[in-house]
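As structure tokens, the structure follows; a few thoughts come after it.
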Amino acid sequence: MKFCQGTECHMHKTKDRLKGMKGSKTYQTRRRSDFYYGNGNFCSTWCQEQWFSKFGNRAIDHFGRVTAAKHLTEQNAWSKQIDWDSSYQNRSYIYRNGITKEQRPLTKEQYTDSNYTLNTGE
Ligand SMILES: [Zn+2]
């Protein structure tokens, strides 16, 4: 079980957040085995936005602020995609270049590996 990382999750007065012994219940941060938002860290987009409005600038400065336009080129135009067959029964994983339209097959492992890329340069 993990807690929602929303800085003000407990401020939302919903029935499922009201926990504790009878007579001393408090609204508490949501706790679940997993969440749908923000890579599994937030119970809602509201909590995700609250977190970002408080910490977003610091996070961007920490990981590197974009200070110049990036350019889409043949070298960085590869994107991973799922290709369904006409019956939508079978899927395959492909890498497609957004400029040359070239396609290359991917294994499922390569598709899910966030470090695997054909892109060279930003
Ligand atoms: Zn939350």
Side-chain angles (χ1 to χ4, degrees):
M1 298 288 267
K2 57 187 181 182
F3 290 102
C4 171
Q5 294 303 302
T7 51
E8 290 164 40
C9 190
H10 61 290
M11 307 283 276
H12 248 290
K13 291 171 154 183
T14 60
K15 210 172 173 183
D16 71 299
R17 287 178 172 96
L18 191 58
K19 305 255 167 135
M21 301 289 279
K22 197 170 183 181
S24 62
K25 287 181 187 282
T26 56
Y27 289 100
Q28 301 179 14
T29 301
R30 275 182 172 153
R31 190 174 177 220
R32 305 255 169 86
S33 58
D34 201 12
F35 296 111
Y36 292 115
Y37 305 99
N39 292 354
N41 288 302
F42 301 97
C43 74
S44 63
T45 54
W46 188 85
C47 279
Q48 185 178 322
E49 285 164 16
Q50 290 298 309
W51 187 94
F52 196 87
S53 70
K54 188 168 187 182
F55 299 119
N57 278 329
R58 283 161 60 191
I60 289 171
D61 286 336
H62 178 78
F63 292 107
R65 187 171 290 275
V66 174
T67 56
K70 294 181 180 183
H71 300 262
L72 185 66
T73 64
E74 284 183 30
Q75 287 71 42
N76 67 16
W78 292 98
S79 65
K80 294 175 180 179
Q81 296 177 5
I82 294 178
D83 207 18
W84 292 92
D85 69 2
S86 55
S87 66
Y88 286 92
Q89 298 296 308
N90 302 298
R91 61 181 157 184
S92 54
Y93 303 92
I94 56 168
Y95 232 142
R96 180 176 285 141
N97 191 296
I99 290 192
T100 64
K101 307 297 180 198
E102 183 188 347
Q103 290 185 24
R104 293 186 193 172
L106 276 176
T107 65
K108 188 179 181 182
E109 288 68 35
Q110 290 169 330
Y111 179 83
T112 54
D113 180 357
S114 60
N115 292 317
Y116 181 82
T117 182
L118 294 176
N119 289 320
T120 55
E122 299 231 333

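As the structure lists them, so they are numbered: ligands from 1, and atoms in each ligand from 1.
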*Vertex the Zn ion (ligand 1): angle to SG of Cys43 and SG of Cys47, to 10°?*
110°
*Between Gln103 (side chain) and Lys101 (backbone), is there a donor-acceptor pair under 3.5 Å?*
no
*asked:* Which label fits Tyr116 and Tyr95: parallel for a plane angle under 30°, tilted from 30 to 60°, or perpendicular past 60°?
replied: tilted
*Quick check: does His12 have an N/O/S atom under 2.8 Å of the Zn ion (ligand 1)?*
no
*asked:* To check your reading of the site, what angle at the Zn ion (ligand 1) do SG of Cys4 and SG of Cys9 form, to 10°?
replied: 110°
*Show your reasoning for whether side chain to side chain contact (heavy atoms under 4.5 Å, CB included) applies to Glu49 and Phe42.*
CA-CA 9 Å; Glu49 285 164 16; Phe42 301 97; over 6 Å; no
*For the side chain of Gln48 and the backbone of Gly38, is there at least one donor-acceptor N/O pair under 3.5 Å apart?*
yes
